[in-house]
Amino acid sequence: VFFRVIPRKGRGEQPLVDDLLRELKTPLLLAWGREDPWIRPAAADKIEMLHAEFHGDNGGSDGPSWLQRVDIDAGHCPHDENPVAVNKAILDFAEKVFDVTSV
């Protein structure tokens, strides 16, 4: 899920990604288009770094907030450009979250 953090007139102050990561109490799948020309992989690196800063070393993969990053062979819209890889990432993540095997 992409959360757009852009102030909008009349809607008050929008939260910063840093604040959202700090408050996160659930696992996070970060599926990133490796060849994204607009939001480079360095942004994903920063998200990983902030997550570790707020939740420890990957939140302790058995804790309430951990991060799984998957770099997808795609650009800005990996779900359109490489749906097979994105679907696999989602299914693998769900399997880990819910501790079940794929159906």
Side-chain angles (χ1 to χ4, degrees):
V1 174
F2 177 76
F3 183 83
R4 183 178 228 148
V5 185
I6 298 176
R8 296 195 179 133
K9 198 175 206 171
R11 294 189 80 195
E13 226 176 289
Q14 296 293 309
L16 299 173
V17 170
D18 303 32
D19 296 331
L20 296 171
L21 282 172
R22 183 180 293 111
E23 296 171 13
L24 190 67
K25 305 237 184 308
T26 61
L28 172 65
L29 172 62
L30 187 58
W32 210 267
R34 191 177 301 129
E35 302 301 322
D36 189 329
W38 295 291
I39 306 174
R40 302 299 303 159
D45 297 341
K46 183 172 182 183
I47 290 171
E48 279 187 298
M49 180 198 68
L50 286 170
H51 188 276
E53 180 181 319
F54 299 142
H55 301 286
D57 183 22
N58 201 19
S61 61
D62 59 347
S65 180
W66 49 270
L67 181 143
Q68 179 174 325
R69 177 174 173 180
V70 179
D71 291 319
I72 306 290
D73 185 22
H76 188 68
C77 298
H79 55 286
D80 291 328
E81 299 167 36
N82 195 343
V84 170
V86 172
N87 288 339
K88 181 178 181 341
I90 292 168
L91 290 172
D92 290 348
F93 179 72
E95 184 176 314
K96 185 174 180 183
V97 169
F98 298 110
D99 196 22
V100 296
T101 56
S102 298
V103 181

Between D18 and K46, does a salt bridge (charged side-chain N to carboxylate O under 4.0 Å, His left out) hold up when you go through it step by step?
CA-CA 10 Å; D18 303 32; K46 183 172 182 183; 5.2 Å; no

Over all atoms of both residues, closest heavy-atom pair of [X] and [Y]:
{"X": "H55", "Y": "L24", "result": "CE1-O, 3.1 Å"}
{"X": "P78", "Y": "G33", "result": "CG-N, 4.0 Å"}
{"X": "I72", "Y": "A89", "result": "CD1-CB, 4.4 Å"}
{"X": "D19", "Y": "R22", "result": "OD1-NH1, 2.9 Å"}
{"X": "Q68", "Y": "K96", "result": "OE1-CD, 3.6 Å"}
{"X": "E81", "Y": "H76", "result": "OE2-N, 3.5 Å"}

Sub-4.5 Å side-chain heavy-atom contact between [X] and [Y]:
{"X": "R69", "Y": "D45", "answer": "yes"}
{"X": "L30", "Y": "F93", "answer": "no"}
{"X": "L28", "Y": "L21", "answer": "yes"}

Quick one: pull up [atom1] in [X] and [atom2] in [Y] and give me the separation to the nearest 0.5 Å.
{"X": "L29", "Y": "D92", "atom1": "CG", "atom2": "CG", "value": "9.5 Å"}
{"X": "L50", "Y": "L20", "atom1": "CG", "atom2": "CG", "value": "11.5 Å"}
{"X": "N82", "Y": "E35", "atom1": "CG", "atom2": "CD", "value": "11.5 Å"}
{"X": "F54", "Y": "M49", "atom1": "CZ", "atom2": "CE", "value": "8.0 Å"}
{"X": "D71", "Y": "D36", "atom1": "CG", "atom2": "CG", "value": "11.5 Å"}

W32 and V84: same hydrophobic cluster, using ILVMFWY side-chain contacts below 4.5 Å?
no

Counting neighbours of CG on D73 that are heavy atoms of other residues, nucleotides or ligands and sit closer than 6.0 Å, is the number greater than 12?
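No - once you tally the heavy atoms of other residues, nucleotides and ligands closer than 6.0 Å, there are 12 at most.
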
